Amino acid sequence: MTPEQLQRLAGQGFEAFPLGHSGRHICFARDPFAALVEVGEISCRVGAAGRITPQGIAVLMWREGAAWFTAKGYQQAASEEDVELLRKFQSDLEQSLLDRA
């Protein structure tokens with residue numbers, strides 16, 4: 001991950017939280033969402049983004065055509081706006097990481 005990528009992400013309101021000592025995993029958050037990123041030598045892999053809750057990260061699930069944020073011991077209906085914001089979060093994160101300049 002380049003300094004330019006980190007700067008670009010910070011400019012978009014993302015906070016970076018390195019996990020572990022290897023530096024291979026970083027949690028990126030922008031309220032109220034977060035995603036885990038695995039940093040490789042050539043590229044980064046972005047995990048599924050979710051909503052930050054007291055029980056951890058709640059992922060978006062679809063049940064009978066309705067969107068829900070779910071985690072162990074937690075579920076909350078997701079509005080259309082929530083779904084769009086989550087998609088924007090994921091898209092912004094992926095686009096910033098794809099551009100290695």
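The analysis underlying the following values was restricted to heavy atoms, covering all of them including side chains, and did not include hydrogens, waters or symmetry mates. For clarity, every value in this text was computed on a predicted model and none was experimentally measured. FYI, the numbering just counts along the sequence from 1.
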Residue pairs, two or more places apart or on separate chains, that pass salt bridge (Lys or Arg N to Asp or Glu O under 4.0 Å) and touch residues 66-75: none
Can you see which heavy atom on [X] is nearest to which on [Y], and at what distance?
| X | Y | result |
| --- | --- | --- |
| Gly47 | Ala35 | O-CB, 3.9 Å |
| Leu97 | Gln5 | O-NE2, 2.7 Å |
| Val37 | Cys44 | CG1-CB, 3.8 Å |

List, one per line, each side-chain donor-acceptor pair under 3.5 Å for residues 51-62, sequence neighbours excluded.
unit_1, atom_1, unit_2, atom_2, d
Arg51, NH2, Asp82, OD1, 3.1
Thr53, OG1, Gln55, N, 3.1
Thr53, OG1, Gly56, N, 3.2
Thr53, OG1, Gly56, O, 2.6

Glu81: partners by side chain to side chain contact (heavy atoms under 4.5 Å, CB included), with sequence neighbours left out: Ser79, Leu85
Exercise: do Gln95 and Arg8 side chains pair donor with acceptor under 3.5 Å: no
Gln12 side chain near Gln7 side chain, heavy-atom distance below 4.5 Å: no
Validation row: Phe33, Phe69 side chains within 4.5 angstrom (heavy atoms): yes
Electrostatic pair Arg24:Glu38 at N-O distance under 4.0 angstrom: yes
Crowding at CD, Gln76 (>12 non-hydrogen neighbours, <6.0 Å): yes
Contact list for residues 9-31, test ring-ring contact (aromatic ring centres under 6.0 Å, His included), sequence neighbours left out: Phe14-Phe89
Co-members of the apolar cluster containing Leu19 [side chain, <4.5 Å]: Leu36
Partner residues of Glu84 under the side-chain hydrogen bond (donor to acceptor under 3.5 Å, both in side chains) criterion, sequence neighbours left out: Arg87
Interatomic distance, Leu93 atom CG to Arg30 atom CZ [nearest 0.5 angstrom]: 8.5 Å
